[in-house]
Structure formats: C-alpha cells, structure tokens
Amino acid sequence: MSTAQATVVPSFIAGEWISPQAEGGTQVLDANTGQPVATVSAGALDVAAALDYGRTVGQRELSGLSLHQRALKLKELALYLNERREELYEISYRTGATKIDSMVDIDGGIGVLFTFSSKGRRELPNSNVILDGPTEPLSKDGSFIGTHIFTPMAGVTVQINAFNFPVWGMLEKFAPAFIAGVPTIVKPASPTGYLSEAVVRMMLDSGLLPDGSLQLLSGSARDLLDHMDYRDMVAFTGSAATANKLKAHRNVVDGGVKFTSETDSLNAAILGPDAVEGTEEFNAFVKAVVSEMTSKAGQKCTAIRRSIVPEQLVDAVIKAVGERIEARTVIGDPRVEGVTMGALASLDQLRDVRQAVQDMLDAGGELAYGSLDAPRVRTSGERTEIAQDGAFMAPVVLRWSDPANPILHSREAFGPVSSVVGYRSLDEAVELAAQGAGSLVATVCTNDPEAMRALTLGIAAHHGRVHILNRETARTSTGHGSPVPHLVHGGPGRAGGGEELGGIRSVM
Ligand code: NAP
C-alpha cells in the first residue's frame with residue numbers, strides 16, 4: 001500500500017494471503033485528493049474456509065495458551081505496533097484523518113491492547129477457565145455442589161466494522177476475544193479497509209499470533225452470516241439500518257448466532273442552568289462541542305449531535321461555538337502544515353452528510369453557522385482555495401425553533417454537523433435527550449450538584465455512558481467522545497443495545 005498505485009486489498013484466509021481480481025471491484029480514492037488508493041474486489045471470498053480454519057486451527061492454537069499467556073502476547077503485539085505507527089499514519093492520511101485523528105485511531109487501538117493485557121494478567125486467573133461467583137451448596141452435607149464457569153466459545157468472533165475507526169474499531173474487539181481464547185475474523189468497511197489490512201499484515205508479520213487466531217476478509221462478504229452457526233458471534237459496528245438487516249438473518253433468528261451491535265446515535269450534551277457565559281463550565285462545553293464536531297471531521301459515532309442548553313443561552317452557545325471553529329479550524333489535506341480538519345472519508349459520505357443536513361433544513365432546521373458549499377481548503381502556507389477533488393465539508397451548526405422536531409432527534413448527519421436547542425426546565429432537558437431513543441454517550445455540564453444529579457439520573461437509562469463535565473473534571477477528562485477500554489462502550493435502543501469494552505466484562 002505504499003505506492004499511489006491502486007492495488008486490490010488482499011484477504012488473509014486459512015493461513016494465506018489472497019489477492020483476487022481487480023475487475024468489477026470498487027475503486028477507493030484518497031479522501032483529500034481523489035487519487036486512487038486501492039480496489040476492493042467484488043469477487044466472492046471463501047468465508048466457509050475462514051470460519052472452518054478459525055473453528056479448528058484457531059481454536060486449537062489459542063487453547064494451548066493460558067489466559068495470562070494470551071494477555072502477555074497482547075502487550076508484545078502492542079509494543080511491536082507502537083514501533084511502526086509512523087508507517088500507519090502515512091496510510092491513514094489518505095482516509096482524511098489528521099495526525100491527531102490517527103492517534104485516536106491507531107495509538108488508541110494500541111492502547112486498548114496494553115490495557116487489556118495488564119487487566120487480563122491482573123484480574124484473571126492464570127488458567128483457561130474463569131470461575132463466576134462462589135460455589136453453591138446443593139446438598140446438606142456438601143457432597144453435591146454447583147458452580148458457574150466461563151469457558152471459551154466454540155466458534156469464532158466475526159467483526160463487521162464501520163469505516164471511521166479502521167484500527168481502533170478492530171483492536172477494541174480483537175483484544176477481549178483474543179484473551180478469551182476466541183479466534184477473530186475481521187471484515188473491515190470497504191472505504192478504509194486498506195488501513196485495517198496494513199495493521200493486520202503487521203500483526204501477522206510480528207510472528208506473535210497463534211495460527212488461525214486472526215483472519216481478514218477484504219471485500220463485501222455479503223454471504224458472511226450464511227455460513228455461521230450457534231458457535232459463532234457477530235460483533236457489528238455501523239449504521240442501525242445495516243444492523244437491523246443482519247439481525248434479521250435466519251442464522252441469527254433461528255440458528256443461534258450471537259449478535260451484538262454498536263450503531264448510530266444522536267448523542268447529546270446538556271448545559272446546566274448555572275453554566276452561563278463566562279463560567280468555566282460554559283467554556284468547557286463549547287470546547288467539547290467544537291472538538292466533537294471537528295475531530296475525525298465529525299465522523300464519530302459518539303460525536304455530540306445535539307446541544308441541549310437553557311433557552312436563554314442558545315444564541316450565546318451558537319456564537320461561541322462559531323467563534324471557536326473560526327479561530328481553531330483549518331480545513332485541508334492533513335499532510336499540509338497547519339491543517340486541523342481533513343476530508344470526510346469519501347465523496348459518497350460527503351453527499352450523504354450534505355443530504356442529511358438539507359433534509360433537516362427542509363424539515364424546519366435553520367443554518368446558524370457554516371454552509372453546505374465547498375469550503376476553502378489550505379493548500380500551503382496561508383494560501384487557500386475552494387476545495388476541488390476531496391470530500392471536504394465545512395462545520396455546520398443548526399438552530400431549531402421547535403426543540404421537539406422529530407428529525408433533529410432521529411437523523412444522523414455523520415460529519416461536522418451539530419444542532420443547538422433550548423430547554424425551559426431540567427425535566428424538558430431530560431425529555432429531549434431521551435428523544436434520541438437510546439444513545440452511546442451524553443455529557444452533563446454543570447457545577448451545580450443538584451442539577452448534575454437530576455440530569456444524570458434522568459438520562460442514565462437512555463445512554464451507555466454519562467460524561468460529567470465541570471471545572472474539576474475538565475482538567476483531566478479524556479473527552480465526551482472517547483470510549484476508554486476500562487468502561488463500557490455501547491448504548492441502548494438505537495445505539496444498538498450492545499456492550500463492548502468495560503474491561504474484563506467484555507472478555508466474559
Ligand atoms: P454501514 O454502511 O452500516 O456499514 C458497516 C459495515 O457493515 C461495513 O463493513 C459494511 O461493509 C458492512 N455491511 C453492510 N451490509 C452488509 C451485509 N449485508 N453483510 C455483511 N456486511 C455488511 O456503516 P458505515 O457507513 O461503515 O459506518 C457509519 C455508521 O456507523 C454511522 O451511522 C455511525 O454512527 C456508525 N458507527 C457506530 C459506532 C458505534 O460504536 N456505535 C462506531 C462507528 C460508527 P462494506 O463497507 O463493504 O459495505
């Protein structure tokens with residue numbers, strides 16, 4: 001992948017790299033320049049062979065290692081990848097990611113390996129099974145007792161991943177599965193699968209992984225679930241529409257394939273009534289909103305899509321958000337000095353996001369900041385020009401006269417887009433947040449303990465994670481949109497109902 005020549009992204013199946021024909025495949029372009037990067041083959045992949053290899057060779061090789069030995073391998077793997085990050089950043093630029101975006105994806109993914117390695121060795125026994133709770137006496141004299149134990153699943157975990165985090169999204173699922181002794185098959189999203197392929201190749205080249213513990217399917221693999229059964233699991237990340245389709249597959253409904261999903265989410269950030277202009281909370285809130293809009297060009301499942309603020313602060317928040325974007329955001333090819341926000345992942349993505357914004361405007365939203373026109377992008381030094389070839393989009397803030405407008409709470413514009421709405425009471429703020437029908441994360445930003453309690457308890461059941469932001473936590477918070485390996489990532493309802501990470505919980 002080191003040349004600009006468009007090569008077919010290979011797959012790794014049953015111990016061999018396979019490069020199918022390019023004919024009929026989909027060309028993937030550099031998100032910033034429109035130059036060809038790779039071709040994703042349309043040819044059939046031997047999914048059955050991959051599953052069989054994982055269930056036999058992968059299972060056998062992994063079971064030869066204890067929980068601690070597998071956890072230690074994750075650390076060795078993390079150290080190996082750490083040495084090779086620069087190579088991955090170069091590839092990652094092509095997806096539209098800046099260096100900082102890539103650090104979230106690549107270093108963040110490596111960080112998950114480190115965390116799971118140390119938690120695995122610290123919190124799990126050095127054996128191949130895990131006891132779950134105390135022994136239950138089932139007879140008076142103790143001659144008959146019962147206990148729960150966790151053993152590895154008999155099949156494989158198939159990851160179907162979204163395009164936005166081609167490295168982190170893969171490693172955060174791989175780490176717990178590997179410790180649990182379950183082989184992984186990765187099916188990356190086609191637009192950025194070439195970066196996942198580069199990482200998988202490094203992981204395999206390291207020589208650290210047992211045979212069959214990691215395989216890669218580069219391509220559409222639409223028949224994946226046809227070959228799976230009750231021994232296997234699908235860990236899906238992507239849109240709710242795709243998740244719903246896959247969840248209805250007969251092998252899930254009748255065949256017992258385990259299915260977890262992390263899907264889209266209209267995440268909220270609520271500003272407390274005390275956090276008026278000039279307070280540290282107001283500033284921290286504005287900073288969080290802008291960071292979530294511009295990091296990865298807003299292509300984060302956890303990004304803040306809805307700012308729910310006291311009615312009288314709507315104008316002030318919009319103004320401050322606009323000023324901060326103006327002062328800190330430089331759009332362009334991330335390889336150009338000074339650029340802080342790259343392109344969206346593809347021209348298709350740009351079209352989808354613009355359409356989503358247009359639909360929201362048509363349904364009653366108002367453009368409060370930004371525009372849907374092609375933005376000016378930095379070309380060199382201070383020079384800028386109107387974007388020509390890349391999938392560039394300027395940040396956009398929407399204002400709403402009706403805070404309950406359904407489209408505001410249901411349409412995900414997966415780009416640098418966020419809405420600001422007003423509330424009149426804390427109860428209304430809770431109701432508005434809940435209209436997302438289940439989200440991954442929400443921020444509650446207030447320094448008033450009573451408001452914090454009411455908002456947090458009010459919204460908790462609708463969210464996977466609540467991020468508390470005030471002058472204290474702002475100093476060290478890793479941010480609204482950053483899932484951490486120690487805590488659960490997932491959310492109810494529309495967010496997919498899944499649960500990932502959360503330390504050893506995910507190994508179980
Ligand atoms: P997507 O279109 O739903 O695709 C997700 C994955 O599913 C891709 O790998 C895609 O492969 C694959 N796929 C689609 N149809 C399939 C089928 N019939 N059988 C097997 N695989 C199939 O989503 P996306 O556009 O990549 O990602 C953006 C969405 O993901 C956003 O809505 C975002 O909110 C969500 N997301 C959620 C999380 C989370 O943790 N909750 C994280 C990141 C993103 P191809 O690419 O080859 O079509």
Side-chain angles (χ1 to χ4, degrees), residues 9 11 25-26 28 38-43 45 47 95 104-105 108 158-170 172-173 185-197 216-228 234-249 251-252 257 259-267 292 296-305 344-346 348-353 356 410-415 417 436 438-441 463-465 481-483 488-501 506:
V9 187
S11 297
T26 309
V28 178
T39 299
V40 179
S41 168
L45 295 165
V47 173
T95 69
V104 175
D105 189 28
V158 173
Q159 314 179 354
I160 302 179
N161 293 337
F163 70 81
N164 57 341
F165 285 107
V167 183
W168 177 87
M170 171 169 71
E172 62 113 2
K173 294 177 187 172
I185 298 177
V186 180
K187 190 256 169 279
S190 296
T192 55
Y194 57 90
L195 177 52
S196 309
E197 187 267 340
L216 175 72
L217 301 175
S218 300
S220 62
R222 291 298 187 256
D223 60 339
L224 239 177
L225 272 83
D226 299 349
H227 304 277
M228 298 178 71
V234 175
F236 173 84
T237 305
S239 62
T242 309
N244 290 339
K245 190 158 82 185
L246 296 180
K247 240 189 307 203
H249 190 284
N251 285 347
V252 178
V257 172
F259 190 92
T260 69
S261 57
E262 301 292 341
T263 58
D264 46 44
S265 177
L266 277 291
N267 311 289
E292 292 300 321
K296 287 289 289 187
Q299 299 168 109
K300 280 165 60 174
C301 53
T302 48
I304 298 170
R305 303 284 172 214
L344 302 190
S346 67
D348 283 348
Q349 199 54 29
L350 175 63
R351 194 198 53 234
D352 286 358
V353 178
S410 60
R411 188 70 189 261
E412 183 196 42
F414 202 59
V417 181
S439 304
L440 294 166
V441 53
H463 292 84
R465 178 162 59 92
S482 304
V488 165
H489 172 59
R494 179 174 178 152
E499 207 177 271
E500 287 172 357
L501 299 175
S506 59

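Quick caveat, the model's predicted, so the values are computed rather than measured. Order of listing sets the numbers, starting from 1, for every ligand and every atom in it.
Remark: ligand 1 atoms within the under-4.0 Å shell around heavy atoms of Ile160 are 6 (C), 7 (O), 9 (O), 12 (C), 21 (N). Numbered from 1 in the order shown, with element, the atoms of ligand 1 that lie under 4.0 Å from a heavy atom of Leu246 read 17 (C), 18 (N), 19 (N). The contact set between ligand 1 and Phe414, taken as ligand atoms under 4.0 Å from a residue heavy atom, comprises 28 (C), 31 (C), 33 (C), 34 (O). Atoms of ligand 1 found under 4.0 Å from any heavy atom of Pro188 (numbered from 1 in listed order, with element): 9 (O). Close approach of ligand 1 to Ala162 is summarised as follows: ligand atoms under 4.0 Å from at least one heavy atom of the residue are 26 (O), 27 (O), 30 (O), 43 (C), 44 (C).
Protein heavy atom in closest approach to atom 35 (C) of ligand 1: Gly238 O, 3.2 Å. Closest protein heavy atom to atom 36 (N) of ligand 1: Cys301 CB, 3.5 Å. Considering only non-hydrogen protein atoms, atom 24 (P) of ligand 1 sits nearest to Phe163 CD2, 3.6 Å. Scanning all protein heavy atoms for the shortest distance to atom 40 (O) of ligand 1 gives His489 NE2, 2.8 Å. With hydrogens left out, the protein atom closest to atom 5 (C) of ligand 1 is Thr237 O, 3.6 Å, a heavy atom. Atom 46 (O) of ligand 1 has its closest protein heavy atom at Ser190 N, 2.8 Å. Atom 23 (O) of ligand 1 has as its closest protein heavy atom Ser239 N, 3.4 Å. Shortest contact from atom 48 (O) of ligand 1 to any protein heavy atom: Arg222 NH2, 2.8 Å.
Distance check: Thr302 OG1 to Glu262 CD gives 11.0 Å after rounding to the nearest 0.5 Å. Taken to the nearest 0.5 Å, the CD1 atom of Ile185 stands 10.5 Å off from the NE2 atom of His227.
Heavy atoms of Lys300 found under 4.0 angstrom from ligand 1: none, in either backbone or side chain. Residue-level proximity to ligand 1 for Ala243 is absent, since no heavy atom of it falls below 4.0 angstrom.
With Pro166 as the partner, the side chain to side chain contact (heavy atoms under 4.5 Å, CB included) test is satisfied by one option alone out of Asp105, Val186, Asn161: Asp105.
Judged by distance alone, with hydrogens and angles left aside, the side-chain atoms of Gln159 form a donor-acceptor pair with the main-chain N or O of Met170 at under 3.5 Å. Listed for the Asp264 side chain is no donor-acceptor partner under 3.5 Å among the backbone atoms of Ser239. Side chain of Asn251 to main chain of Met228: a donor-acceptor pair is present (N/O by atom type, distance under 3.5 Å, no hydrogens or angles).
Counting heavy atoms from C-beta outward, Phe236 and Lys247 have side chains that stay 4.5 Å or more apart. Using a 4.5 Å heavy-atom cutoff, the side chains of Phe414 and Asn164 are in contact. Between His463 and Asn267, the closest side-chain pair of non-hydrogen atoms is not below 4.5 Å. Looking only at side-chain heavy atoms (C-beta outward), Val104 and Lys296 stay at 4.5 Å or farther from each other.
Among Thr242, Asp264, Asp352, Thr192, the residue whose heavy atom lies closest to atom 2 (O) of ligand 1 is Thr242. For atom 44 (C) of ligand 1, the nearest non-hydrogen atom from the set Val40, Asn164, Asn161 belongs to Asn164.
Judged by the shortest distance from any of its heavy atoms, Phe236 lies inside the 4.0 Å radius around the atoms of ligand 1. The closest approach between any non-hydrogen atom of Gly169 and ligand 1 is not below 4.0 Å. Residue contacts with ligand 1 include Leu440, since one or more of its heavy atoms lies under 4.0 Å from the ligand.
When every heavy atom of Leu217 is checked against every heavy atom of Leu45, the shortest pair comes out as CB-CD1, 4.0 Å. When all heavy atoms are compared, the tightest approach of Ser265 to Leu440 is OG-N, 2.8 Å.
Between Thr263 and ligand 1, at least one N/O pair is under 3.5 Å apart.
Residues His249 and Asp226 have side chains that bring a donor and an acceptor to within less than 3.5 angstrom of each other.
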